[in-house]
Amino acid sequence: MSQPLDRLRRQMSAENVDAAFVSDLLNVGWLTGFTGSSGFVIVTGDQALFLTDSRYTIQANEEVSGFEVRWYQRPKTFEQFAGECLADLGISKIAFEPSISYATWQSWGSKIGGVEWTDSPDLFKPLRMIKTPEEIALIRDACGIADACCEYLHGRMQAGRSEFDIQLDLEFFLRRQGADIAFDPIVVSGPNSAKPHGQAGDRTLQEGDFVTLDLGARKAGYNSDITRTFVVGQPSERHREVYDQVLKAQLAAIEALQPGTAAKDVDQLSRSILAEKDLDKYFGHGLGHGLGRAVHDYGGLSSSSTDTIEAGQVWTVEPGVYIEGFGGVRIEDDVLVTDSGPELLTHYTKELLVIG
């Protein structure tokens with residue numbers, strides 16, 4: 001398996017980029033293994049520099065290999081330091097990442113002399129969308145923690161407990177597994193569950209509520225993202241109708257994650273199944289997103305997506321129905337695309353589970 005630096009250089013060559021300045025910390029981490037909060041990379045066809053400040057000299061030397069590590073400290077500014085490094089390498093023209101803000105581009109252009117800063121295609125999207133076996137193993141680990149968290153929380157949820165108390169249990173569980181909390185978790189019940197990104201509050205779980213948990217673990221820099229919906233007390237016919245149709249849409253969409261399929265077609269399939277029960281009008285967001293070093297990693301399953309499903313990609317698949325005044329259902333799994341079809345990475349049951 002080729003190293004990230006080799007893969008980046010091949011991509012630079014394909015895009016006719018002679019020198020690249022990498023500043024997005026997720027890309028820096030993917031490329032170098034660095035986990036600190038200040039890191040930049042300069043890459044040419046035969047040179048590779050890792051730049052940081054004096055806070056991270058020891059950490060950079062421990063984590064970064066295959067790059068010349070350079071650092072600076074005050075009163076020297078970053079712009080002065082970066083300019084010196086570019087001059088040492090004889091670089092007069094360098095491509096910056098699309099994520100750079102206009103203000104940053106202006107600052108670099110005015111303060112770093114003798115260098116032309118040019119925009120370029122996103123060099124990292126085609127690289128990070130296809131996961132290596134090592135990356136997939138780390139995502140599996142994060143998914144296993146998320147599965148275990150769902151099981152733990154189901155055993156602790158009951159009528160009368162507040163959303164906020166359940167969220168605290170969720171966060172403590174992830175921390176005890178040695179994981180970071182991948183994103184602000186969602187714990188919503190009853191009418192609140194009709195808010196796709198609702199926030200936990202002091203509302204207590206009540207008979208007849210849908211309860212939605214959306215959570216993720218981050219371990220060794222890679223994430224999981226799972227959503228499960230429960231019901232408090234015995235589900236009504238309407239509860240089951242909505243839940244079962246969302247599950248049907250999700251299962252069909254997962255099965256449709258076959259290499260060569262257009263991502264927008266997978267999204268449309270889920271909507272057509274919800275439409276069988278006139279529920280598609282309650283589904284307003286995209287079907288899913290890429291997953292990896294970022295929770296919302298490169299790639300999207302949506303009506304506007306231009307992505308194509310390929311082996312090695314990892315997607316979330318999360319159709320939802322949100323009915324104001326009644327509640328909402330979302331079911332989300334993390335799915336690896338292989339040459340032989342989709343493989344679930346999250347495994348917690350999708351049976352409609354009852355909270356007593």
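Keep in mind that the numbers below use all heavy atoms, side chains included, and drop hydrogens, waters and symmetry copies.
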- request: Under the ring-ring contact (aromatic ring centres under 6.0 Å, His included) rule, collect the residues that match up with Tyr298, sequence neighbours excluded.
  value: none

Flag if over 12 foreign heavy atoms under 6.0 Å of [atom1], [X]:
| X | atom1 | answer |
| --- | --- | --- |
| Phe96 | CZ | yes |
| Asp18 | CG | no |
| Lys277 | NZ | no |
| Glu276 | CD | yes |
| Asp88 | CG | yes |

Any ion pair linking [Y] and [X] (charged N to carboxylate O, less than 4.0 Å)?
| X | Y | value |
| --- | --- | --- |
| Arg238 | Glu241 | yes |
| Arg70 | Glu84 | no |
| Asp122 | Arg128 | no |
| Asp169 | Arg161 | yes |
| Arg228 | Asp333 | yes |

Determine whether the side chains of [X] and [Y] contain a donor N or O and an acceptor N or O closer than 3.5 Å.
| X | Y | value |
| --- | --- | --- |
| Gln234 | His239 | no |
| Thr57 | Gln73 | no |
| Asp53 | Ser38 | yes |

field: Within residues 167-205 or reaching into it, pairs that qualify as ring-ring contact (aromatic ring centres under 6.0 Å, His included) - sequence neighbours excluded
entry: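 Qualifying pairs: Tyr152-Phe173.
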
message: So does Ser23 get a backbone contact from the side chain of Glu97, meaning a donor-acceptor N/O pair under 3.5 Å?
response: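 Side chain of Glu97 to backbone of Ser23: a pair is present.
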
message: Strictly distance-based, threshold 3.5 Å: is any side-chain N or O of Gln313 a donor or acceptor partner for the main-chain N or O of Thr308?
response: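 Yes.
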
If the plane angle is over 60° it's perpendicular, under 30° parallel, otherwise tilted; pick one for [X] and [Y].
| X | Y | value |
| --- | --- | --- |
| Phe78 | Tyr72 | tilted |
| Tyr322 | His285 | tilted |
| Trp30 | Phe124 | perpendicular |
| Phe230 | His154 | parallel |
| Phe21 | Trp117 | perpendicular |

- prompt: Honestly, is Arg293 close enough over Tyr222, meaning NZ or CZ under 6.0 Å from the six-membered ring centre and within 45° of the axis?
  reply: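 Here Arg293 passes the 6.0 Å and 45° test against Tyr222.
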
To the nearest 0.5 Å, how far apart are [atom1] in [X] and [atom2] in [Y]?
| X | Y | atom1 | atom2 | answer |
| --- | --- | --- | --- | --- |
| Asp267 | Ser305 | CG | OG | 8.5 Å |
| Leu31 | Asp24 | CG | CG | 11.5 Å |
| Cys150 | Leu213 | SG | CG | 6.5 Å |
| Thr346 | Asp334 | OG1 | CG | 4.5 Å |

With the side chain counted from C-beta on, respond yes when [X] and [Y] share a heavy-atom pair under 4.5 Å apart, and no when they do not.
| X | Y | value |
| --- | --- | --- |
| Phe210 | Val321 | no |
| Arg203 | Asp209 | yes |
| Thr229 | Ser193 | no |
| Ile139 | Cys143 | yes |
| Tyr243 | Ile331 | yes |
| Arg175 | Ile181 | yes |
| Val232 | Ser189 | no |

- prompt: In a check of side-chain contact (heavy atoms from CB on, under 4.5 Å) between His289 and each of Val317, Val295, Leu301, Asp297, which one passes?
  reply: Val295

message: Before you tell me yes or no, could you show the steps for Met129 and Glu310 under side-chain contact (heavy atoms from CB on, under 4.5 Å), namely the whole-Å CA-CA distance, both residues' side-chain angles and the distance that decides it to 0.1 Å?
response: CA-CA 9 Å; Met129 280 190 73; Glu310 297 182 52; over 6 Å; no

message: Could you walk me through whether Val187 and Gln199 satisfy the side-chain contact (heavy atoms from CB on, under 4.5 Å) test, starting with their C-alpha distance in whole Å, then the side-chain angles of each, then the deciding distance to 0.1 Å, before giving a yes or no?
response: CA-CA 7 Å; Val187 181; Gln199 295 181 324; over 6 Å; no

- request: Show your working on side-chain contact (heavy atoms from CB on, under 4.5 Å) between Leu205 and Ile166 and close with a plain yes or no.
  value: CA-CA 10 Å; Leu205 275 55; Ile166 296 166; 3.7 Å; yes

- prompt: Yes or no on side-chain contact (heavy atoms from CB on, under 4.5 Å) for Ile186 and Arg330, after CA distance, side-chain angles and deciding distance?
  reply: CA-CA 11 Å; Ile186 297 169; Arg330 183 167 64 255; 3.9 Å; yes

query: Honestly curious: do Leu8 and Ile130 fall in one hydrophobic cluster under the side-chain, below-4.5 Å linking rule?
result: no

query: Knowing that exactly one of Phe34, Trp71, Phe40 qualifies, which makes a ring-ring contact (aromatic ring centres under 6.0 Å, His included) with Tyr56?
result: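 Of the listed options, the one satisfying the test is Phe34.
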
